[in-house]
Protein chains: 2
Amino acid sequence: MAPDKRPPTTLSDVARRAGVSPMTVSNVINGKGGVRPDTRRRVLEAIEATGYRVNAVARALAGGQSRVITVFSPQLNRPYAAEVIQGAALAAERLNYDLIVMMLSEQGRSDVSVVTRLAAGALLIQPSSEGRWRRADLPAHVVSVDGPGERPLTVDNYGGARQAVGHLLGLGHTRIGFISGLESGDRQPFPHPPGPHDRDDADERLRGYLDSMAAAGLEVPAGYVQHGDYSKPSGERAAARLLGLPQPPSAIFVSGDAMALGAMHVAQDLGVRVPGDLSVVGFDDLPIAAASRPGLTTVRQPLQRIGEVAVQMLVALAEGRDPGLPPPFPTELVERESTAPPRPAR
Amino acid sequence: MAPDKRPPTTLSDVARRAGVSPMTVSNVINGKGGVRPDTRRRVLEAIEATGYRVNAVARALAGGQSRVITVFSPQLNRPYAAEVIQGAALAAERLNYDLIVMMLSEQGRSDVSVVTRLAAGALLIQPSSEGRWRRADLPAHVVSVDGPGERPLTVDNYGGARQAVGHLLGLGHTRIGFISGLESGDRQPFPHPPGPHDRDDADERLRGYLDSMAAAGLEVPAGYVQHGDYSKPSGERAAARLLGLPQPPSAIFVSGDAMALGAMHVAQDLGVRVPGDLSVVGFDDLPIAAASRPGLTTVRQPLQRIGEVAVQMLVALAEGRDPGLPPPFPTELVERESTAPPRPAR
DNA sequence: TTGAAAGCGCTACCAG
DNA sequence: CTGGTAGCGCTTTCAA
């Protein structure tokens, strides 16, 4: 049962019907000036009547202007990527571009090049986790998020960490633990041009934590810095280690919302009340941070905004302008219910 | 700063280098038999040496075999779609197809046709919520999920509802409320061929609930059936109405995990303990169901599995086989901590 | 203001 | 087994 066997209408069909040459139809479609109003109207009518749609594939082959932006992302069922993509989609729609997302397989078997010639630009999400990108397989313009590359969009991780710890300090906490993301070295470097802004989010947050503690004249006891891998279970394990310390912290800054949720949950399982006995601050402000009970106080990354800016840059680049690289995006502390002043010292 | 100005290698370049005709290169690439081993080897070497990659766009234009499957989905930051897509991606990778996701804008302004000619088939997620699809703008083969269409993949919603209510009944509950999804009529019909399996998830679940209650010889008191829109806030409102009843239920079956989470949270806010005072069962088994506290007992839809099957069907169709339409996918009750026997009657 | 010619990179078809 | 020819549907460049 082959569906719809009629060959689709082509530009020439439209031209014939309108009694003009294919070129004129092309000019009308692409808004190129120099078409007499009534000719234009006739063409438009023919397009309407035939239900014609440009064949984007043919257009791309012929070297026409592309109005497609591609996002390359590993797993879409990660809230982080989903938020960035949502923002990108919003911007694309506003700019009248179409957005295509290509999921990268873990094994890197995906043939990235299928969409390369179709897209005006590409947004790379977490490019470092995938192995070898060949620059030649990517569209002409590339912006990356949460990973290295030429034109990487970054967030003020250091500042965010200081906001988090500052908040805890302000509440009166002095025993503040930290659960970091990947340890340095866990991330693979971006093979090709190592952009000027390469750096490690995890390291910056750690530095922010350390500097805040030092600035407050506070010691960081042994075992107060634990590592996870941004997953909830890893957050549970790290928090369990922290809570098992002889002098457990009264507050934990966790470098990721999923891990923070895990931390809250182990605490609750251990009979440690959040925020009564333990304050928890996360990082990211994913949807789950607001949906959890207690609501998670967290450092907000403007994920959707980042996606928007990425697309705006890509469109500018595609249209011949140079948008430059914006400074790291500022973070913002979102106070919810997972933080409170420490128990009065006994 | 135009990156990489070298024109990419073409098939002819490879042919020249290998000293064969373009056709032979094409045959090697596409695994068409009839190429002498050493010729084949020479071609492979030339490909390797030049770093050649097929131009998928040109191939598609020339009518070649596509190894791309497209998913059309509204908002990617919805866990439901994300899970289905994840499953689809797994299957695609296994079958050596590439997966492309196109986000549909709310306004329906997206130009679906950009990928149409590139893809061997398309998976439509929640097609009913988007307005007018023109069959001609879609790839040759289409499978839809969570919405009508030719070849719709469905889940046993009725059976799932009966599992949920049966579980509650088995625990000893008799006052069981229901929070439904969209009311009938909220969904827009699929314009074109209204497939043989059109039906409304919400209605089926309601029917399952009603039949279970009736089969147990139980009344459904006035106000025990509330409606939401699958969002967490709507679940909160519906649960608040249920809990505000003179004879509030001791258990609620909620037709969606996000709404169920909302129900648990208002209950907690009202001082109603879950599961002590109120049992809650959700539907879907999204990641949040397992990540919440208490863990949400829910009816699991095999979302990833559905995505996999959709891709398998599409690939079969693309390769000329007819996979037929599988029966509704069975659901499974996942017991977690949000359900318990009712308080002993006073 | 409009049109004719050429070709993007590839594959189908049919020769040799 | 291999190669030539034609053409997918569009846009470019240039001429009318």
Side-chain angles (χ1 to χ4, degrees), chain A residues 6-43 46-47 50-68 111 113-118 120 136-137 140, chain B residues 6-43 46-47 50-68 111 113-118 120 136-137 140:
Chain A
R6 277 187 323 264
T9 337
T10 73
L11 186 148
S12 314
D13 297 334
V14 174
R16 203 168 312 120
R17 199 173 208 284
V20 297
S21 86
M23 269 325 306
T24 304
V25 177
S26 175
N27 286 335
V28 169
I29 291 170
N30 297 303
K32 298 259 204 317
V35 179
R36 212 184 312 151
D38 72 303
T39 310
R40 167 186 211 72
R41 205 181 37 68
R42 281 221 314 292
V43 171
I47 290 178
T50 54
Y52 170 75
R53 291 279 205 274
V54 282
N55 181 333
V57 165
R59 175 190 289 196
L61 218 217
Q65 173 66 49
S66 161
R67 292 197 80 81
V68 174
D111 186 3
S113 65
V114 282
V115 282
T116 298
R117 326 295 248 267
L118 204 52
D137 293 337
Chain B
R6 279 187 322 264
T9 341
T10 73
L11 185 147
S12 314
D13 296 335
V14 175
R16 205 169 310 121
R17 199 172 207 285
V20 299
S21 87
M23 269 326 304
T24 304
V25 177
S26 175
N27 286 335
V28 169
I29 291 171
N30 297 304
K32 299 263 204 316
V35 179
R36 214 183 312 152
D38 73 303
T39 310
R40 168 188 211 70
R41 205 181 37 67
R42 282 221 315 289
V43 171
I47 289 178
T50 54
Y52 169 75
R53 290 280 204 275
V54 283
N55 181 333
V57 164
R59 172 188 287 187
L61 217 216
Q65 174 65 49
S66 162
R67 293 196 78 81
V68 175
D111 186 3
S113 66
V114 282
V115 283
T116 298
R117 327 296 249 265
L118 205 52
D137 292 339

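So that the names make sense, note that chain A is the first sequence line, chain B the second, and so on, each numbered from 1. Source: prediction; values computed, not measured.
Distance from the side chain of B:Arg36 is smallest to D:dT2 among D:dT2, C:dC10, D:dG3. In the set D:dG9, D:dG3, C:dG3, the nucleotide with an atom closest to the side chain of B:Thr24 is D:dG3. Here D:dG3 is the nucleotide among C:dG3, C:dC10, D:dG3 with the atom lying nearest to any side-chain atom of B:Ser21. Set against D:dG3, D:dT11, C:dT11, the side chain of A:Ala62 has D:dT11 as its closest nucleotide. Candidate nucleotides C:dA12, C:dG3, D:dT12 were compared by shortest atom distance to the side chain of B:Met23, and C:dA12 ranks first. Nearest nucleotide to the side chain of B:Thr10, out of C:dG9, C:dT2, D:dT2: C:dG9. For B:Lys32, whose side chain is taken as the heavy atoms from C-beta onward, the closest listed nucleotide among D:dG9, C:dA12, C:dC10 is C:dA12.
Rounded to whole angstrom, the span from the CG atom of A:Asn27 across to the P atom of D:dG9 amounts to 20 Å. To the nearest angstrom, P of C:dT1 lies 15 Å from CZ of A:Arg42. Separating the CZ atom of B:Arg53 from the C1' atom of C:dC10 is a distance of 17 Å, rounded to the nearest angstrom. Between the P atom of C:dC10 and the CG atom of A:Leu61 lies a distance of 9 Å, rounded to the nearest Å. Distance CG (A:Leu118) to C1' (D:dC10): 13 Å, rounded to an integer number of Å. The interatomic distance linking B:Arg59 (CZ) with D:dG9 (P) rounds to 18 Å, in whole Å. Between A:Arg16 atom CZ and D:dC10 atom P there is a gap of 12 Å when expressed in whole angstrom units. The CD atom of A:Gln65 sits 20 Å away from the P atom of C:dC8 (whole-angstrom rounding).
Mapping B:Pro37 and A:Ile29 onto DNA chain D by nearest heavy atom places B:Pro37 closer to the 5' end of the strand.
In this structure, B:Val54 reaches the sugar-phosphate backbone alone: every heavy-atom distance under 4.0 Å involves primed, P, OP1 or OP2 atoms, never a base. Across all strands shown, B:Val35 has heavy atoms under 4.0 Å from sugar-phosphate atoms exclusively, and none from any base.
Taking only side-chain nitrogens and oxygens, B:Thr39 never comes nearer than 4.0 Å to OP1 or OP2 of D:dC1. Residue B:Ser26 places at least one side-chain N or O under 4.0 Å from the OP1 or OP2 atom of C:dT11.
The distance from the CZ atom of B:Arg53 to the CG atom of B:Leu11 is 14.5 Å, given to the nearest 0.5 Å. With rounding to the nearest 0.5 angstrom, the CZ atom of A:Arg17 is 12.5 Å from the CZ atom of A:Arg42. Separating the CG atom in B:Leu118 from the CG atom in B:Leu61 is a distance of 10.5 Å, to the nearest 0.5 Å. Atom-to-atom distance recorded for B:Asn30:CG and B:Arg67:CZ is 10.0 Å, nearest 0.5 angstrom.
For B:Thr50 (side chain) and B:Ala46 (main-chain N/O), a donor-acceptor pair under 3.5 Å exists by modelled atom type.
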